[in-house]
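Residue numbering restarts at 1 for every chain, and letters A, B, ... go by the order of the sequence lines.
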Protein chains: 2
Amino acid sequence: MKELTGFPTKEQLRDMKRREIVRCAAKRFGQDGFENVPLEAIATDLGVTKAALYNYVSSKNDLLLQCYEVGMDRLVAAVEAAKDTSGTAAQRLSAVLEAYIMTMTQSDMQYLWSYTRPMVMYGDKRVVQAIRDKLDYAVRDLLIEGMKDQSFRPDIDPKLASLVILGAVNWVGIWYRPDGPKRADELAQKIAREALYGYLFKP
Amino acid sequence: MKELTGFPTKEQLRDMKRREIVRCAAKRFGQDGFENVPLEAIATDLGVTKAALYNYVSSKNDLLLQCYEVGMDRLVAAVEAAKDTSGTAAQRLSAVLEAYIMTMTQSDMQYLWSYTRPMVMYGDKRVVQAIRDKLDYAVRDLLIEGMKDQSFRPDIDPKLASLVILGAVNWVGIWYRPDGPKRADELAQKIAREALYGYLFKP
DNA sequence: ACGCTTAGCGACCCATGATTGAATAACTTG
DNA sequence: CAAGTTATTCAATCATGGGTCGCTAAGCGT
């Protein structure tokens with residue numbers, strides 16, 4: 001995170017506004033679906049008019065793209081950070097899953113998957129695939145490592161297991177509501193534990 | 001399945017057409033997303049004009065509703081049937097998951113979840129919730145039964161476990177492509193086995 | 001063959017929402 | 001302060017797509 005000291009320059013001010021637009025759009029896109037959010041709505045949320053947005057984004061699709069990139073970057077960053085902690089592979093994978101869930105349950109990240117479809121339709125589907133693969137391989141690699149360091153069962157099929165694990169954690173993003181009774185952090189912990197339980201090595 | 005013998009009556013003919021419309025629409029809605037499918041496209045697929053569709057459905061939302069109901073009925077029927085087979089609870093739950101996956105990977109069922117959002121927005125959200133709950137409870141009940149008949153571990157948290165299991169199987173519907181290399185039936189079997197592995201009782 | 005009903009077609013109507021451009025307010029710089 | 005630059009707004013423009021209406025033609029019972 002880059003902190004600002006002193007007054008923001010014009011450039012910074014501009015970039016702050018742009019990011020605020022993206023954050024707000026991501027939230028709405030996630031809540032209501034890309035196609036159901038008129039630019040008007042985003043503009044109103046921010047207290048400006050629709051036309052003003054065009055100073056910062058070149059089109060609605062461009063805005064979608066930016067939402068996706070920002071979101072996915074956050075996700076990947078969270079996962080990478082958790083991956084590089086210390087401990088057994090199992091402990092690290094658990095940390096990765098928790099970080100993943102924590103990120104996905106933030107209000108402007110919810111339903112991130114829900115706008116992968118428009119992304120694939122209007123944008124570059126290789127970007128989507130690349131990011132999805134990156135997450136998939138992070139999980140697989142840790143599973144393989146864990147079979148070596150004996151924190152996981154030795155007989156896992158990493159490809160299959162990563163599908164099941166990712167399914168479980170992504171599903172959280174579908175039903176979780178930030179205004180619900182569950183706290184995100186303890187939920188993340190429970191789900192992560194649950195999803196990995198069957199793979200742990202038990203002597 | 002009800003078979004027809006002899007010539008279809010006018011009523012039957014009409015109903016066949018209506019169902020064909022729904023099937024076709026479900027496929028397109030799933031592939032491209034409800035909001036991205038003009039009625040014109042569905043009409044073209046069927047070789048008629050948009051206006052003709054209005055003989056069979058009262059609005060685009062009505063069509064969505066019918067798609068959802070038909071799809072969910074199929075899903076629930078498949079699950080109920082599998083639930084009532086014989087064997088241990090673990091075996092039955094495995095059968096349920098397989099049936100679930102098999103159903104969800106059919107081409108006009110793919111991305112069924114992808115139009116729950118429009119359903120919730122334009123339709124009756126209680127219907128959606130009710131069906132989701134039904135599936136959830138089917139899984140939970142079998143888990144509980146399995147703890148009793150010792151086909152599952154005795155220390156499962158059924159609520160949490162059902163989330164993980166449903167996540168895993170629903171995720172299949174997101175990435176599976178009918179034209180891909182995997183056969184749906186063996187995939188269903190593998191995923192079902194994988195998702196349950198950690199819960200099985202191992203003496 | 002004659003009217004009646006129904007399916008389907010083509011041409012419309014109309015609201016929505018993305019995008020643009022001219023006009024204006026605000027701010028910077030010399 | 002005046003000229004120039006930037007941020008916003010307001011008022012079009014334009015395409016899309018849901019929904020409607022009147023017409024034709026085929027099917028059917030009498």
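With sequence neighbours left out, B/E145 forms a salt bridge (Lys or Arg N to Asp or Glu O under 4.0 Å) with B/R92. Taking the ring-ring contact (aromatic ring centres under 6.0 Å, His included) definition, one finds that B/F29 meets it with B/F34, sequence neighbours left out.
Classification of B/D136 and B/R140 as a salt-bridged pair holds, one side-chain N sitting under 4.0 Å from a carboxylate O. Salt bridge annotation for A/D108-A/R74: present, with a cationic side-chain nitrogen under 4.0 angstrom from a carboxylate oxygen.
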Quiz item: What one-letter contact string describes nucleotides 7-20 of chain D from 5' to 3', where B marks a base within less than 4.0 Å of any protein heavy atom, S marks contact via sugar-phosphate atoms alone, and - marks no contact?
Solution: SBBB-------BBB
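When each of A/R23, A/R18, A/K17 is paired with A/E20, the side-chain hydrogen bond (donor to acceptor under 3.5 Å, both in side chains) condition holds for A/R23 and for no other.
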